[in-house]
Amino acid sequence: MSEPGRVAPARRRGLADEVADRIREAIFSGVYAPGAQLREVELSQALDVSRGPVREALLRLEREGLVRSAWHRGATVITLAPQDIAELDSLRGALEHLAVQRVVAHASDEDLAEIGKTVELMKRAEDAHAMVRCDIAFHDAVYAAAHHQRLDEAWRALRSQIHLFLLTRIGLSSDGYLAHIPDEHRRLVAALQARDTAAALELFAEHRRHALDVLITEEGQRP
């Protein structure tokens with residue numbers, strides 16, 4: 001316990017952070033699919049660390065919305081329910097609406113060029129998981145170009161769950177995903193570069209609808 005009037009020394013959490021990064025990467029790479037169990041003993045052996053950092057890492061990932069813990073099942077990768085899908089889509093839409101408006105009004109030519117570079121990287125995506133990473137990187141660049149710190153922080157808080165949203169989408173159907181996504185994003189970039197707010201907002205909304213429609217159609221129910 002710290003003395004009155006003094007701040008307690010900070011704990012070093014570097015190892016737990018690294019473990020969280022490794023587990024997150026495994027989820028995003030498809031090693032652990034939605035619903036997969038994340039057993040502390042197995043993870044500590046695989047990562048060659050004690051169970052303490054693994055436990056801390058799982059708590060961090062739970063706060064990010066990637067993992068759910070239950071006393072009778074332990075930790076599992078979250079499976080998005082229809083309500084989760086609807087809430088993520090609506091919140092993403094609200095944040096993205098403001099981001100697009102800000103990019104059109106405030107982004108520099110260099111900012112727009114950085115967004116365009118992420119689309120060029122899509123040409124080298126070898127599989128759907130790599131394409132999802134490029135998709136997320138595109139949106140990282142859009143929020144950075146909005147020049148709005150709290151908006152970017154709101155996106156960062158939601159980012160892992162949107163990544164899981166897109167992984168769920170390709171898990172249900174990846175037909176045409178690799179072929180169509182780059183062209184979709186090139187149209188988004190063109191609208192931003194043209195500083196056409198109305199067109200950009202419509203194209204970004206359409207982009208979101210495509211992912212949502214796959215989730216709704218493939219699961220056979222509307223959120």
Side-chain angles (χ1 to χ4, degrees), residues 1-2 8-92 95 125-137 139-140 152-174 177 208 211-212 214-223:
M1 181 179 293
S2 62
R11 294 178 58 196
R12 295 186 179 275
R13 299 185 65 252
L15 184 56
D17 290 342
E18 183 178 348
V19 171
D21 290 343
R22 297 286 184 87
I23 298 173
R24 187 189 304 104
E25 173 65 22
I27 294 170
F28 290 165
S29 298
V31 175
Y32 297 111
Q37 286 194 298
L38 300 169
R39 297 180 176 87
E40 286 184 15
V41 173
E42 293 177 3
L43 288 168
S44 65
Q45 291 173 347
L47 296 169
D48 194 24
V49 297
S50 66
R51 292 176 65 178
V54 172
R55 190 174 299 116
E56 287 187 52
L58 291 175
L59 287 172
R60 174 173 174 172
L61 296 177
E62 186 171 12
R63 289 193 294 270
E64 289 182 18
L66 285 180
V67 169
R68 179 173 288 123
S69 296
W71 69 268
H72 61 293
R73 290 196 64 194
T76 58
V77 180
I78 282 181
T79 299
L80 296 178
Q83 183 176 349
D84 298 320
I85 291 168
E87 289 184 358
L88 284 170
D89 179 68
S90 61
L91 182 53
R92 178 188 177 188
L95 295 178
E126 297 179 351
D127 56 34
H129 283 90
M131 188 65 81
V132 168
R133 293 178 192 280
C134 291
D135 198 338
I136 293 293
H139 292 283
D140 286 342
D152 189 59
E153 289 171 354
W155 160 247
R156 296 286 169 179
L158 192 66
R159 185 181 188 274
S160 289
Q161 295 179 63
I162 296 300
H163 201 139
L164 188 62
F165 178 102
L166 295 176
L167 291 178
T168 302
R169 178 247 191 269
I170 64 170
L172 290 169
S173 174
S174 59
Y177 183 71
R208 293 192 302 273
L212 185 62
V214 169
L215 289 167
I216 292 172
T217 301
E218 295 295 327
E219 292 192 348
Q221 58 185 333
R222 184 173 296 275

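Residue I162 holds its CD1 atom at 5.5 Å from CH2 of W155, rounded to the nearest 0.5 Å. In this structure, CG on L43 lies 11.0 Å from CD on Q37, to the nearest 0.5 angstrom. Note that the CG atom of L58 and the CZ atom of R39 stand 12.5 Å from one another [nearest 0.5 Å]. One finds the CG atom of L80 at 14.0 Å from the CZ atom of R169 (value rounded to the nearest 0.5 Å).
Here the closest non-hydrogen pair linking V19 and A57 is CG1-CB, 3.5 Å. Here the closest non-hydrogen pair linking L15 and P53 is CD2-CG, 3.6 Å. The two residues L166 and A211 come nearest to each other via the heavy atoms CD2-CB, 4.4 Å. The two residues L95 and A154 make their nearest non-hydrogen contact at CD2-CB, 4.0 Å. Between L61 and A20 the shortest heavy-atom distance is CD2-O, 3.9 Å.
The shortest side-chain heavy-atom distance between V54 and L38 does not fall under the 4.5 Å cut-off. Taking 4.5 Å as the limit, some side-chain heavy atom of L212 sits within range of a side-chain heavy atom of I216. At least one side-chain heavy atom of L215 sits under 4.5 Å from a side-chain heavy atom of F165. No side-chain heavy atom of I78 sits under 4.5 Å from any side-chain heavy atom of V67.
Atom CZ of R68 has 12 or fewer heavy atoms from other residues, nucleotides or ligands within 6.0 Å.
With sequence neighbours excluded, the residues satisfying side-chain hydrogen bond (donor to acceptor under 3.5 Å, both in side chains) with E62 are S69. With sequence neighbours left out, the side chain to side chain contact (heavy atoms under 4.5 Å, CB included) criterion links R156 to D140, D152, R159. The salt bridge (charged side-chain N to carboxylate O under 4.0 Å, His left out) check on E40 picks up R51, R55, with sequence neighbours excluded.
Sorted by first then second residue, the salt bridge (Lys or Arg N to Asp or Glu O under 4.0 Å) pairs that include residues 78-92, not counting sequence neighbours, are R92-E96. Within the structure, the ring pair (Phe, Tyr, Trp, His ring centres under 6.0 Å) test picks out no pair touching residues 29-52 (sequence neighbours left out).
Just one of L158, L164, T168 meets the side chain to side chain contact (heavy atoms under 4.5 Å, CB included) condition when paired with L88; it is L158.
Between the side chain of S44 and the main chain of S50, no donor-acceptor pair closer than 3.5 Å is present.
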TODO: For salt bridge (charged side-chain N to carboxylate O under 4.0 Å, His left out), just list the numbers for E64 and R60, CA-CA rounded to whole Å, side-chain angles, deciding distance to a tenth of an Å, and then say yes or no.
DONE: CA-CA 6 Å; E64 289 182 18; R60 174 173 174 172; 3.7 Å; yes
Task: Derivation of the side chain to side chain contact (heavy atoms under 4.5 Å, CB included) call for H163 and R24 - done: CA-CA 10 Å; H163 201 139; R24 187 189 304 104; over 6 Å; no
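Between R22 and E18 there is a salt bridge, since a side-chain N of the basic residue sits under 4.0 Å from a carboxylate O of the acidic one.
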Extract all donor-acceptor atom pairs below 3.5 Å that involve side chains of residues 128-136 and protein atoms in other chains or at least two apart in sequence.
| from | atom 1 | to | atom 2 | distance (Å) |
| --- | --- | --- | --- | --- |
| R133 | NH1 | E25 | OE1 | 3.3 |
| R133 | NH2 | E25 | OE2 | 2.8 |
| R133 | NH2 | S29 | OG | 2.8 |
| D135 | OD1 | H139 | NE2 | 3.1 |
| D135 | OD1 | H185 | NE2 | 3.0 |

